[in-house]
Amino acid sequence: MFGKIVVVTGANSGVGFETASQLATLGAEIVLVCRNEVRGSAAAQHVAEAATGPKPTLLIADLLSQSSIHALSSDLRRKFDRIDVLINNAGAMFATRELSVDGIEKTWALNHLAPFLLTNLILDRLKAAPRARVVTVSSESHSGSLDFDNLQGERMYNFFGAYNRSKLGNILFTYELARRLRGTRVTATAVSPGPTRTTFGSEMRGLPGWFPRIMMRIPFLLHDAATGARTAVYAASSPELDEVSGRFFLKERARRTRSITYDVEVARKLWRVSEEMCGLSAVTLRRARA
Ligand SMILES: NC(=O)c1ccc[n+]([C@@H]2O[C@H](COP(=O)([O-])OP(=O)(O)OC[C@H]3O[C@@H](n4cnc5c(N)ncnc54)[C@H](OP(=O)(O)O)[C@@H]3O)[C@@H](O)[C@H]2O)c1
C-alpha cells in the first residue's frame, strides 16, 4: 500500500482503528477521520507508531452533521489531489429516535447518508487516482425490505430495525455506486467485520443499552477488532480485487446479500431520495468542488 492515500472514518476505535493501523503497517498514508480531537490524536499517535510509510493525518468531523461533512470534503480536497481508498466505517446505534442537526433521524443520517454524501463529494478525487476503491462497512445483519415511508423510523422506530435499515442502505448504495462507476477505475464494495468486540453501542442508554452490553460479553460469539478489520483491509488492499466491484465481503470472501439488495429500482429510488435528503444536486456538487 506504499504510495496510497487511505481515508478511514471512525478511525479512533474498534474496526476503524484496527483497519487504519493494519493499512498503515502495509505502508499506506492514512487519513483518520474522527469526531473528537482527543480520541483522534491518541489514535493517530498509535497509527503513526504502526506506520511503515508516511505519517498519518487527523481530520476532525462530526458525520452526523452535513455541514461538517462538507467541511471535511473541503479539507480533503485542499490536502489531496487524489484519494486511493475511502473506507466509510463510522457507525452507531441509537436507543431512541433522535434527530440530527439537519433534522434527520440519527441512525439513518450517520450510517447511511454520511457515507453517501462524503463519497459523492470526493468522487472526483477518487477518480483522479490510478485505481481507487470505496469500501463501506455494512453488516450481514441488514433488513430484507425497505419501507420508503419509514426510512427515518417516522412511523415506527426501534433501534435494531433502524440499524438494520441503515446497513441495507449501505449495500444498496454500494451496488448502485458500482453500477454508476462502470467504465471508471473506481470500485465500490461493502464489507462486514462480522460480530466483533468493540465499543459499538456503548453510548446507548436504558433497556436497549443492555443489548450491546450483553452481546459484547459473550466471548465465543465475537472476535477481536483486529480480526474484524481484516475484511476491510482485504477489500482496501488485495490486488485480486483490483477489478471487483459491487460485491459484499465477510471473512474475506464474497457473500450473497438479501434479495432486495439486488433490486436495481429500489437502489435507484434510494439514491434519488438520499440526494434529496443531502441537498445534493449537480449545482451543489459543482459548488463543493469549486
Ligand atoms: N462490532 C460489530 O460487531 C459490528 C458488526 C457488523 C458491522 N459493524 C460496523 O462496523 C463499523 C464500526 O463499528 P465498531 O464495531 O468498530 O464500533 P465502534 O468501536 O463504536 O466505532 C465506531 C466509530 O464511529 C465513530 N463515530 C460515531 N459517531 C460518529 C460521528 N457522529 N462522527 C464521526 N464519527 C463517529 C466513533 O467515534 P467515537 O469513538 O468518537 O464515538 C468510532 O470511531 C460500524 O459501521 C458498524 O455498523 C460492527
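Counting starts at 1 for both ligands and their atoms, following the listed order. For clarity, every value in this text was computed on a predicted model and none was experimentally measured.
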Point to revise | Pair Ser274, His112: side-chain N/O donor-acceptor within cut-off below 3.5 Å | key: yes
Practice item. Could you list the atoms of ligand 1 found under 4.0 angstrom from a heavy atom of Gly14? Key: 16 (O), 19 (O)
Check your understanding: Can you check whether Arg39 has an N/O within less than 3.5 Å of an N/O in ligand 1?
Key -> yes
Review point. Taking only heavy atoms of Val137, which atoms of ligand 1 are found under 4.0 Å from at least one of them?
Key: 9 (C), 10 (O), 11 (C), 45 (O)
Exercise for review: Write out the residue and atom name of the closest protein heavy atom to atom 15 (O) of ligand 1, then the distance separating them to 0.1 Å.
Suggested key: Thr198 OG1, 2.7 Å
Review point. Is NZ or CZ of Arg179 both nearer than 6.0 Å to the six-membered ring centre of Trp271 and within 45° of the ring axis?
Key: no
Point to revise | Proximal ligand 1 atoms for Ala61, defined as those under 4.0 Å from one of its heavy atoms | key: 32 (N), 33 (C)
Practice item. For residues Phe249 and Tyr234, establish whether the separation of their ring centroids is below 6.0 Å. Key: yes
Practice item. Taking atom types as modelled, find out whether Glu105 and Thr107 have a side-chain donor-acceptor pair closer than 3.5 angstrom. Key: yes
Review point. In terms of side-chain geometry, is the basic nitrogen of Arg78 or Asp75 positioned less than 4.0 Å from the acidic oxygen of its partner?
Key: yes
Review point. When rounded to the nearest 0.5 angstrom, what is the spacing between OG in Ser139 and CG in Asn111?
Key: 10.5 Å
Check your understanding: Do any N or O atoms from the side chain of Thr187 and from the backbone of Glu243 form a donor-acceptor pair under 3.5 angstrom?
Key -> no
Review point. Counting from 1, what ligand 1 atoms have a heavy atom of Ser139 closer than 4.0 Å?
Key: 6 (C), 7 (C)
Point to revise | Donor-acceptor contact present, side-chain Gln22 to main-chain Ala232, <3.5 Å | key: no
Check your understanding: Going by the order shown, which atoms of ligand 1 are within less than 4.0 Å of some heavy atom of Leu110?
Key -> 28 (N), 29 (C), 30 (C), 31 (N)
Review point. Is Tyr163 in contact with ligand 1, taking contact as a heavy-atom separation below 4.0 Å?
Key: yes
Exercise for review: Give the residue, atom name and distance (to 0.1 Å) of the protein heavy atom nearest atom 3 (O) of ligand 1.
Suggested key: Thr196 N, 2.9 Å
Study note, to complete from the structure: When distances are taken from atom 48 (C) of ligand 1, the protein heavy atom at minimum range is Pro193 CG, 3.7 Å
Exercise for review: Before giving the answer on side-chain hydrogen bond (donor to acceptor under 3.5 Å, both in side chains), spell out for Asn170 and Lys167 the whole-Å C-alpha distance, their side-chain angles and the decisive distance to 0.1 Å.
Suggested key: CA-CA 5 Å; Asn170 291 156; Lys167 294 289 135 180; 3.2 Å; yes
Exercise for review: Do me a favour and list the nearest non-hydrogen protein atom to atom 7 (C) of ligand 1 with residue, atom name and distance?
Suggested key: Ser138 O, 3.1 Å
Check your understanding: Are Glu140 and Ser192 close enough that a side-chain donor and a side-chain acceptor fall under 3.5 Å?
Key -> yes
Exercise for review: Among all protein heavy atoms, pick the one closest to atom 17 (O) of ligand 1 and tell me residue, atom and distance.
Suggested key: Phe200 CD1, 3.3 Å
Review point. What do you reckon, does Gly194 put a non-hydrogen atom under 4.0 Å from ligand 1?
Key: yes
Point to revise | Residue and atom name of the nearest protein heavy atom (relative to atom 32 (N) of ligand 1), distance in Å to one decimal | key: Leu63 N, 2.9 Å
Check your understanding: Is it the case that Ser65 and Asp62 place a side-chain donor and acceptor less than 3.5 Å from each other?
Key -> no
Exercise for review: Compute the shortest N/O to N/O distance between Gly10 and ligand 1 and return yes if it is under 3.5 Å, no if not.
Suggested key: yes
Exercise for review: Among Trp108, Phe200, Tyr157, find the one that has a ring-ring contact (aromatic ring centres under 6.0 Å, His included) with Tyr163.
Suggested key: Phe200
Review point. For ligand 1, is there an atom lying under 4.0 Å from some heavy atom of Lys167?
Key: yes
Check your understanding: At a 4.0 Å threshold, what atoms of ligand 1 neighbour a non-hydrogen atom of Leu64?
Key -> 31 (N)
Check your understanding: Between the side chain of Arg39 and the main-chain N/O of Ser13, is any donor-acceptor distance below 3.5 Å?
Key -> no
Review point. Which of the atoms of ligand 1 are close to Thr199, meaning less than 4.0 Å from one of its heavy atoms?
Key: 18 (P), 19 (O), 20 (O)
Review point. What is the closest protein heavy atom to atom 42 (C) of ligand 1, and at what distance does it sit?
Key: Ser13 OG, 3.4 Å
Check your understanding: How far is atom 12 (C) of ligand 1 from its nearest protein heavy atom, and which residue and atom name does that atom have?
Key -> Asn89 OD1, 3.2 Å
Exercise for review: Starting at CZ of Arg185, measure out to CG of Asp242 and round the result to the nearest 0.5 Å.
Suggested key: 12.0 Å
Check your understanding: Do ligand 1 and Asn12 have nitrogen or oxygen atoms that lie under 3.5 Å from each other?
Key -> yes
Study note, to complete from the structure: Looking only at non-hydrogen atoms, the one of Arg35, Met93, Glu203 nearest atom 41 (O) of ligand 1 is Arg35
Check your understanding: Is ligand 1 less than 4.0 angstrom away from at least one heavy atom of Ser202?
Key -> no
Point to revise | Of the listed options Ala90, Ser166, Ser68, Gly91, closest to atom 22 (C) of ligand 1 (non-hydrogen atoms) | key: Gly91
Review point. Do we get Arg256 above Tyr262's six-membered ring, with its NZ or CZ under 6.0 Å from the centre and within 45° of the axis?
Key: yes
Check your understanding: For ligand 1, is Ser65 a contact, meaning one of its heavy atoms is under 4.0 Å away?
Key -> no
Review point. Looking at Pro195, which atoms of ligand 1 are within less than 4.0 Å of one of its heavy atoms?
Key: 3 (O)
**Study point:** Polar side chain donor-acceptor pair, Thr196 to His223, under 3.5 angstrom
**Key:** yes
Review point. Could an N or O of ligand 1 be found under 3.5 Å from any N or O of Val15, whether backbone or side chain?
Key: yes
